[in-house]
Amino acid sequence: MASSKTMASLLSHVILDLDGTLLNTDCIVNQVIKLSLVKYGKKWDGKMAHRIVGKTPFEAAAAIVEDYQLPCSIEEFISIITPTFSDQWCNIKALPGANRLIEHLRSNKVPMALASNSPKLNIEAKLSCHHGWKESFSAIVGGNEVEIGKPSPKIFLEAAKRMNVDPSLCLVIEDSLPGVLAGKAAGMVVVAVPSLPKQAALYSSADEVINSLLDLHPEKWGLPAFEDWIEGTLPIDPWFIGGPVIKGFGRGSKVLGIPTANLAAENFSDLLSDHTSGVYFGWAGLSNRGIYKMVMSIGWNPYFDNTEKTIEPWLLHTFDEDFYGEELRLAIVGYIRPEANFPSLESLIARIHEDGRIAEKALDLPIYASYKDSPYLATSLQQQSNCQ
Ligand code: ADP
Ligand code: RBF
Ligand code: MG
């Protein structure tokens with residue numbers, strides 16, 4: 001099955017969706033809707049996000065007015081929320097891997113288009129906040145430029161037409177279900193990057209479902225491969241988090257030989273929403289003790305079916321005692337793989353040990369090793385020694 005799809009695909013052009021695919025729009029959308037509903041004495045339920053993802057602004061507003069039985073027309077609701085959105089455009093962050101993908105395609109001269117259900121003016125306002133994005137697209141099609149938005153194929157067909165290419169040579173990258181359906185209806189190859197967790201099953205019509213743009217392998221579709229992977233790892237812009245080690249889920253991970261020093265995820269909810277789930281690695285500084293190599297998972301740990309996103313760093317060192325309450329600081333410098341659902345506990349454990357070996361080895365590479373000296377990791381240790 002995979003072979004017929006992959007063999008047929010020597011693609012030459014890429015069409016990208018904007019909101020939820022390149023930009024973390026959901027975060028701002030949630031904030032704006034939450035605030036606007038407060039004015040009506042209603043409380044936004046984050047679980048309703050699926051009702052608006054991938055819709056045109058009008059459809060999304062209609063869904064909210066209906067779901068929350070707001071005493072106003074759809075048009076009135078739109079006129080209330082629009083100014084608030086416009087203020088926020090430059091606060092919408094690029095999703096992990098978005099800059100890397102655009103830069104990769106641009107430097108390899110792969111023509112790309114943007115096809116978004118948003119009106120063209122909004123698209124341009126959002127793009128202008130991201131350096132080098134607008135110039136990278138040879139066509140930009142807004143929802144207002146076609147008769148009917150996604151899931152109709154029109155917007156993708158228009159993008160292909162403007163690039164002067166046959167639809168069958170286009171790779172569509174999309175986060176929403178309406179977008180995936182539109183791309184398939186246009187006769188294109190579609191890679192889905194769902195922006196909502198645990199939704200992969202809904203995307204069965206996509207040619208491939210990936211967890212984040214970091215997991216895209218363009219060579220599968222005949223496009224140039226990324227060349228930044230090193231020894232099974234991908235360098236990322238480093239990020240730093242820290243706090244006291246708390247009691248985690250107590251699912252016996254020590255028994256499995258994989259103790260994880262949990263941080264309170266609720267303290268980092270913004271940072272966590274900026275980073276997709278997956279296996280990352282870096283350095284861990286533990287007050288009073290030292291700095292250690294570390295591999296960690298961020299996510300829902302599907303094997304245990306968590307309902308909360310967690311941060312679980314496994315320090316690659318054998319300690320003789322627990323260290324609950326101690327200050328743990330992390331410098332996260334690289335990415336290994338997406339979070340996966342394993343068929344058995346044995347296969348999960350084996351894979352986590354493999355992640356540990358990959359991290360252990362990679363952290364000796366200069367590109368990662370340099371962060372061991374990051375002042376952030378040492379702060380509490382230094383303070384300690386100054387007082388002695
Ligand atoms: P829980 O996450 O439910 O607290 P675990 O079984 O994952 O329980 O154990 C985590 C604890 O184990 C950490 O808080 C820490 O005190 C201890 N620990 C011992 N060795 C390690 C290690 N190599 N990496 C992380 N934590 C470790
Ligand atoms: N759990 C999963 O369900 N899927 C994973 O892909 C996964 N990857 C992990 C990678 C690392 C490096 C670590 C430390 C944990 C991972 N886990 C994963 C979490 C695992 O289910 C759980 O944290 C431990 O077994 C302890 O509860
Ligand atoms: Mg733990």
Side-chain angles (χ1 to χ4, degrees), residues 96 194 197-201 209-212 214-215 231-234 236 239 241-268 272 275-363 368 377 380:
K198 299 182 181 180
Q199 295 251 311
V209 182
I210 56 176
N211 179 64
S212 84
L214 299 178
D215 303 314
E231 297 188 14
T233 67
L234 177 65
I236 56 173
W239 48 292
I241 51 174
V245 174
I246 57 155
K247 184 88 194 87
F249 286 84
R251 288 172 305 207
S253 58
K254 271 193 263 183
V255 180
L256 308 179
I258 307 169
T260 55
N262 298 65
L263 292 172
E266 64 266 25
N267 298 346
F268 311 105
L272 283 182
H275 296 274
T276 39
S277 62
V279 178
Y280 296 81
F281 64 94
W283 296 98
L286 205 46
S287 51
N288 315 331
R289 291 175 199 267
I291 295 173
Y292 307 92
K293 290 177 174 175
M294 176 281 300
V295 65
M296 64 188 252
S297 82
I298 293 183
W300 289 266
N301 301 340
Y303 187 86
F304 293 98
D305 203 20
N306 278 3
T307 48
E308 305 286 334
K309 208 173 187 184
T310 62
I311 316 169
E312 300 205 29
W314 177 28
L315 279 51
L316 300 170
H317 175 87
T318 307
F319 295 89
D320 343 326
E321 53 179 3
D322 285 348
F323 40 83
Y324 291 111
E326 284 184 34
E327 173 85 2
L328 174 68
R329 303 225 177 171
L330 305 175
I332 297 143
V333 301
Y335 173 77
I336 299 180
R337 64 171 175 94
E339 190 174 43
N341 199 357
F342 287 86
S344 68
L345 196 53
E346 292 67 39
S347 56
L348 170 64
I349 295 170
R351 180 62 233 218
I352 298 175
H353 281 282
E354 168 77 13
D355 296 331
R357 284 189 294 273
I358 293 173
E360 177 103 53
K361 195 156 167 260
L363 284 163
Y368 300 125
L377 295 177
S380 45

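All values derive from a computational prediction rather than experimental measurement. Numbers here simply count residues along the sequence, with the first being 1. Start at 1 and go down the list; that is how both ligands and their atoms are numbered.
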Could you tell me which non-hydrogen atom of [X] sits nearest to which non-hydrogen atom of [Y], and how far apart they are?
| X | Y | value |
| --- | --- | --- |
| Glu327 | Pro244 | OE1-N, 4.0 Å |
| Ser277 | Gly299 | CB-CA, 3.7 Å |
| Ala284 | Leu328 | CB-CD1, 4.0 Å |
| His353 | Ile258 | NE2-CG1, 4.0 Å |

Closer than 4.0 Å to some heavy atom of [X] - which atoms of ligand 1 meet that?
| X | value |
| --- | --- |
| His317 | 23 (N) |
| Asp322 | 12 (O), 16 (O), 17 (C) |
| Tyr324 | 1 (P), 4 (O), 8 (O), 9 (O), 10 (C), 11 (C), 14 (O), 16 (O) |

Mind checking whether [X] contacts ligand 1 via backbone (N, CA, C, O), side chain (CB onward), both or neither, at a 4.0 Å heavy-atom cut-off?
| X | answer |
| --- | --- |
| Glu312 | neither |
| Asn262 | side chain |
| Val245 | side chain |

N/O to N/O below 3.5 Å, does that happen between Gly248 and ligand 1?
yes

Give yes if a backbone or side-chain nitrogen or oxygen of Phe323 is under 3.5 Å from a nitrogen or oxygen of ligand 1, and no if not.
yes

Considering only heavy atoms, does Asn301 approach ligand 2 within less than 4.0 Å through its side chain, its backbone, both, or neither?
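Near ligand 2, Asn301 shows its backbone as well as its side chain.
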
Just let me know how Leu348 lines up against ligand 2, side chain, backbone, both or neither, with a heavy-atom cut-off below 4.0 Å.
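Answer for Leu348: side chain.
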
Candidate list Val295, Ile291, Leu286, test side chain to side chain contact (heavy atoms under 4.5 Å, CB included), partner Leu315, passing option:
Leu286

Tell me which one of Asp355, Leu316, Ile336, Ile358 satisfies side chain to side chain contact (heavy atoms under 4.5 Å, CB included) with Phe281.
Ile336

Any heavy atom of Arg337 sitting closer than 4.0 Å to ligand 2?
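Arg337: in contact with ligand 2 (<4.0 Å).
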
Within-4.5 Å side-chain heavy-atom neighbours: Met296 and Thr260:
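In short, these two side chains do not touch, never coming nearer than 4.5 Å.
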
Counting only heavy atoms, tell me which of [options] gets closest to [atom].
| atom | options | result |
| --- | --- | --- |
| atom 22 (C) of ligand 1 | Pro259, Pro244, Gly257, Ala284 | Pro259 |
| atom 10 (C) of ligand 2 | Val279, Ile298, Asn262, Thr310 | Val279 |
| atom 13 (C) of ligand 2 | Ile352, Ile349, Ile358 | Ile352 |

Identify whether the distance between the nearest side-chain nitrogen and carboxylate oxygen of Glu354 and Arg357 falls below 4.0 Å.
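Between Arg357 and Glu354 there is a salt bridge, with a charged N closer than 4.0 Å to a carboxylate O.
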
List ligand 2 atoms under 4.0 Å from [X], heavy atoms only on the residue side.
| X | value |
| --- | --- |
| Leu256 | 25 (O) |
| Glu339 | 4 (N), 5 (C), 6 (O) |
| Asp355 | 10 (C) |
| Phe342 | 5 (C), 6 (O) |
| Thr260 | 14 (C) |

N/O to N/O below 3.5 Å, does that happen between Ala340 and ligand 2?
yes

Using a plain distance cutoff, I'd like to know if Asn341 has any nitrogen or oxygen under 3.5 Å from a nitrogen or oxygen of ligand 2.
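By distance alone, the answer is no.
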
Roughly, to 10 degrees, what angle do Thr260 atom O and Asn262 atom OD1 form around the Mg ion (ligand 3)?
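Angle O(Thr260)-the Mg ion (ligand 3)-OD1(Asn262): 80°, rounded to 10°.
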
Gap between atom CG of Asn262 and atom OH of Tyr324 - 0.5 Å precision
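Rounded to the nearest 0.5 Å, the OH-CG separation comes out at 7.5 Å.
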
In this structure, NE2 of His317 is separated from NZ of Lys293 (nearest 0.5 Å) by 12.5 Å

With no hydrogens and no angle check, do the side chains of Tyr368 and Thr233 hold a donor and an acceptor under 3.5 Å apart?
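A donor-acceptor contact under 3.5 Å links the two side chains.
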
Is it the case that Asn301 and Glu312 place a side-chain donor and acceptor less than 3.5 Å from each other?
yes

Passes salt bridge (charged side-chain N to carboxylate O under 4.0 Å, His left out), Arg289 versus Glu321? Steps please.
CA-CA 12 Å; Arg289 291 175 199 267; Glu321 53 179 3; 3.1 Å; yes

